[in-house]
Amino acid sequence: MAEIAVLGAGMVGVATALALQERGHDCVVIDRAPPGSETSYGNAGIIQAEAVEPYALPTSPLALLAIAGGARNAVNLHWPSLPGQAPALFGYWRSSLPGPLGRVIPLWRQLVSEAVPRHAALIEAAGADELIRRDGYWEVHDTEQGLAAAVREAERKGREHGVTFSVADRAGLAAAEPALRRAPAGAVHWTAPWTCLAPGGLVDAYARLFEDRGGRIVAGDARTLQRSGAGWQVAGMNAKIVVVALGPWAPELLRPLGYRVPMVRKRGYHRHYGGTHGLTRPMLLADHSVVLSPMRDGLRIATAAELSAAAPATSPRQLARGEAAARSLVDLGSPVEARPWSGTRPCLPGLLPLACRATRHTGLWFHFGHGHQGFTLGPVTAERLARAIDGDAAAVDGLDRGVT
């Protein structure tokens with residue numbers, strides 16, 4: 001019998017198991033898929049030290065209409081899916097208003113400030129340094145007007161949050177990235193983030209560290225979760241405590257237990273491409289809402305958000321637009337995969353992830369809802385959750401809202 005079973009082998013689940021293990025708990029991780037092979041596999045690979053404010057929705061109706069119409073390739077809407085997401089989306093919009101957002105930012109900023117140091121310790125312990133770059137990423141703008149607005153926003157974040165950055169004009173960006181086929185207006189260089197050559201590989205390295213330290217990873221179906229005496233049974237195993245770290249799958253698992261979790265599901269796509277792109281670091285193409293990330297498997301193009309409950313598109317529109325923008329900038333070869341990868345980001349309406357004790361069941365804990373930032377924040381909130389399980393309830397203050 002394990003003391004604690006962690007359901008989910010993505011960045012959040014594996015980091016949870018490591019944090020609990022560091023505090024002396026006997027843990028097992030249970031997932032149907034290998035570590036880091038689902039949602040955690042599909043991101044831009046950025047540990048975002050600069051993301052000191054959560055991704056909020058525009059509050060202006062005109063701005064919302066522009067996004068709904070496809071402005072900057074930021075959102076793709078599957079209209080038949082919207083009614084089912086409407087309540088969670090409305091909550092997300094309300095949390096994006098200045099008052100609620102201002103109350104969230106201090107905690108969010110603190111969490112983000114802990115991300116690089118927490119990852120640094122795990123990367124060193126896991127021997128995963130070869131997967132990491134420490135030179136930030138570019139936020140590229142096509143127009144002088146867009147660049148000027150981005151610089152003003154970066155300066156504000158620098159004043160208010162101490163975020164570090166530099167600015168490259170057209171000539172400076174061309175000199176720093178000589179492989180570019182054309183010269184955008186310039187870029188903000190966010191200098192503090194770390195980036196990763198294989199996000200799924202980093203999660204796998206953390207999972208191997210967990211196993212090397214005596215932990216167990218078991219293939220199993222989390223949907224078998226049920227009460228067993230004073231504890232729990234799942235995938236044929238018994239545990240005193242269960243932590244649900246299943247990202248977008250958590251609401252369905254918890255519904256039969258009586259919990260309602262409103263969640264905005266933002267689907268993302270990516271695909272790797274061959275060619276001699278020559279980029280020295282990742283690029284966010286701000287006017288096209290895609291990130292170009294040099295990875296072990298090729299240049300990864302990762303999209304923003306698709307609001308859809310339908311099956312993943314075989315030829316996603318956002319990815320096609322991103323590919324066209326990328327081809328105008330770099331030597332982009334043929335796709336490496338036969339079809340794009342797709343995964344879902346679990347966004348809670350309150351903008352913060354959930355890390356807390358369940359209200360209706362003893363021995364049940366929640367750890368999910370990181371939205372775009374599970375790869376960045378998984379180890380941070382995991383450490384706080386582990387402290388809470390050991391009795392430090394204040395460690396998760398503010399991270400206990402989002403379930404009814």
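Computed over heavy atoms, backbone and side chain alike; hydrogens, waters and symmetry mates excluded.
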Query raised in the report: For residues 243-261, which residue pairs qualify under side-chain hydrogen bond (donor to acceptor under 3.5 Å, both in side chains), counting only residues two or more places apart or in two chains?
Result: E252-R265, Y259-H361
Report summary line: By ring pair (Phe, Tyr, Trp, His ring centres under 6.0 Å), H372 pairs with (sequence neighbours left out) Y55
**Report entry** Cationic N near anionic O, under 4.0 Å, R357 to D400
**Finding:** no
Requested in this report: Just grab all the salt bridge (charged side-chain N to carboxylate O under 4.0 Å, His left out) pairs involving residues 32-49, residues at least two apart or on different chains.
Outcome: R32-E38
**Report entry** Residue list, ring pair (Phe, Tyr, Trp, His ring centres under 6.0 Å) with H288, at least two apart or on another chain
**Finding:** none
**Report entry** Full working for salt bridge (charged side-chain N to carboxylate O under 4.0 Å, His left out) between R134 and D129
**Finding:** CA-CA 10 Å; R134 295 171 172 82; D129 195 67; 2.6 Å; yes
Query - For W138, ring pair (Phe, Tyr, Trp, His ring centres under 6.0 Å) partners two or more places apart - result: H189
Requested in this report: Apply the test salt bridge (charged side-chain N to carboxylate O under 4.0 Å, His left out) to residues R156 and E53: give CA-CA distance (whole Å), side-chain angles for both, the deciding distance (0.1 Å), then the verdict.
Outcome: CA-CA 12 Å; R156 180 188 69 80; E53 297 174 358; 3.0 Å; yes
Query raised in the report: Which residues pass the ring pair (Phe, Tyr, Trp, His ring centres under 6.0 Å) test with Y92, sequence neighbours left out?
Result: none
Query - Aromatic ring pairing F90/W93, orientation class (parallel under 30°, perpendicular over 60°, tilted between) - result: parallel
Query raised in the report: Any Lys/Arg nitrogen of D142 or R182 sitting under 4.0 Å from an Asp/Glu carboxylate oxygen of the other?
Result: yes
**Report entry** Evaluation steps, salt bridge (charged side-chain N to carboxylate O under 4.0 Å, His left out), between E22 and R213
**Finding:** CA-CA 9 Å; E22 286 176 357; R213 290 174 171 177; 3.6 Å; yes
